[in-house]
Amino acid sequence: MVNAQTGEDLHIRLEETQALDRDCTTLSRHVLQQLQSFSPDAQDISALMNRIALAGKLIARRLTRAGLVENALGFTGTVNVQGESVKKMDIYANDVFISVFKQSGLVCRLASEEMEKPYYIPENCPIGRYTLLYDPLDGSSNLDTNLNVGSIFSIRQQEGNDEDGSARDLLQSGRKQIAAGYILYGPSTMLVYSIGRGVHAFTLDPSLGEFILANEDIKIPDHGPIYSVNEGNFWQWDDSMREYIRYVHRHEGYTARYGGALVGDFHRILYQGGVFLYPGTVKKPEGKLRLLYESAPMAYLVEQAGGRASTGTEEILDVLAEELHQRTPLVIGSKEDVALVESFVKEQKRISNQG
Ligand code: AHM
Ligand code: MG
């Protein structure tokens with residue numbers, strides 16, 4: 001609608017006014033509010049979150065244009081430490097995190113899915129007291145079809161000074177995490193984080209270049225309708241998983257949703273309730289997902305939101321890693337739905353022990 005006297009587009013003016021009327025809480029303001037302090041530790045956490053947000057913005061920018069520029073999509077032709085084919089975007093995203101944290105003075109070592117050993121930044125070690133574990137681009141098989149992907153991060157206090165390159169002081173339980181979260185590159189880019197005081201979600205406003213608070217203190221429902229699992233693996237599962245899937249097939253109130261990228265699948269369950277599963281198979285009982293930079297950060301978030309994460313028999317946050325790239329089965333989501341899956345695992349154990 002145009003104002004006849006001024007020629008001004010009134011719709012545009014209305015939208016602008018509404019945008020200004022909103023209480024725009026930025027990520028950095030939110031982190032400082034959460035910490036309620038300007039202590040050096042609080043400033044470090046705030047600076048770390050700002051750096052993660054910067055990495056997210058750089059990766060989001062590249063992803064938006066990936067189909068338009070040369071050499072952004074496709075495989076590099078190499079295989080990573082886990083035996084998976086590496087995509088160009090995996091490497092780009094990994095390098096973004098390194099370059100964002102290299103000069104920060106905050107992080108002494110970075111460990112990621114794409115690097116066999118942790119990346120040490122010795123010049124940061126005397127002052128940098130943190131370790132960043134991350135999956136730079138989770139769900140990257142979704143890239144070539146323009147579907148959602150994500151980055152997952154976990155921050156731990158640096159312990160020890162292992163210049164020999166060993167990762168042993170990373171190998172602690174997920175309860176040692178001091179912050180965790182993910183960035184979801186979907187129709188909009190969202191950053192979800194926790195520093196142990198609830199789970200909060202932010203949406204990137206590309207015109208401002210700022211993550212703006214979308215949902216504060218998210219609580220996952222105790223039960224939800226969604227089960228999210230790659231059912232193509234049915235033939236490889238043990239009987240407990242098969243029985244669980246048969247149960248949801250035979251009962252009203254369940255719906256399947258699976259996008260092939262943990263960040264997106266988990267994000268939906270965080271809001272709507274239900275359960276995401278990546279169980280082990282008979283041949284690979286440890287499953288596919290990596291404990292330190294996939295399962296543990298998601299477990300930290302879900303517990304903060306009032307849900308649970310389990311291997312099927314043990315809380316994910318209690319699992320002690322024996323190696324950096326250790327895999328673990330994952331059952332994560334609403335309390336009641338995780339407990340239901342566990343009851344099938346327990347029953348199967350009982351039957352096996354009898355036989
Ligand atoms: P990636 O980190 O190499 O992308 O692998 C992890 C992804 C998860 O995002 C997702 O849940 C899972 O692999 C999907 O695996 P599948 O294709 O076997 O269903
Ligand atoms: Mg991954």
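The figures that follow rest on heavy atoms only: side chains count, while hydrogens, waters and symmetry mates do not. Note that ligands are numbered from 1 as they come in the structure, with each ligand's atoms numbered from 1 the same way.
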For Lys176, is the NZ atom crowded, meaning more than 12 foreign heavy atoms sit under 6.0 Å from it? no
Does any N or O in the side chain of [X] come within less than 3.5 Å of the main-chain N or O of [Y], such that one atom is a donor and the other an acceptor?
{"X": "His325", "Y": "Lys117", "result": "no"}
{"X": "Arg327", "Y": "Lys288", "result": "yes"}
{"X": "Tyr300", "Y": "Gly196", "result": "yes"}
{"X": "Lys219", "Y": "Gln304", "result": "yes"}

Atoms of ligand 1, numbered as shown, that sit under 4.0 Å from any heavy atom of [X]:
{"X": "Ser140", "answer": "4 (O)"}
{"X": "Gly260", "answer": "9 (O), 10 (C), 14 (C)"}
{"X": "Glu113", "answer": "1 (P), 2 (O), 3 (O)"}

Region of [X] engaging ligand 1 - heavy atom pairs below 4.0 Å:
{"X": "Leu262", "value": "both"}
{"X": "Asn233", "value": "neither"}
{"X": "Arg290", "value": "side chain"}
{"X": "Phe276", "value": "side chain"}

Check whether any N or O atom of Ser141, backbone or side chain, sits under 3.5 Å from an N or O atom of ligand 1, and answer yes or no.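 Among all N and O atoms of Ser141, none is under 3.5 Å from an N or O of ligand 1.
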With only distance considered, is Ala261 within less than 3.5 Å of ligand 1 through an N or O on each side?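 Among all N and O atoms of Ala261, none is under 3.5 Å from an N or O of ligand 1.
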In terms of side-chain heavy atoms, does Thr131 have a donor or acceptor partner in Arg156 at a distance below 3.5 Å?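 The answer is no; no qualifying pair exists.
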Can you tell me how the ring of Phe276 sits relative to the ring of Tyr258, calling it parallel under 30°, perpendicular over 60° and tilted otherwise?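 Answer is parallel, since the angle falls under 30°.
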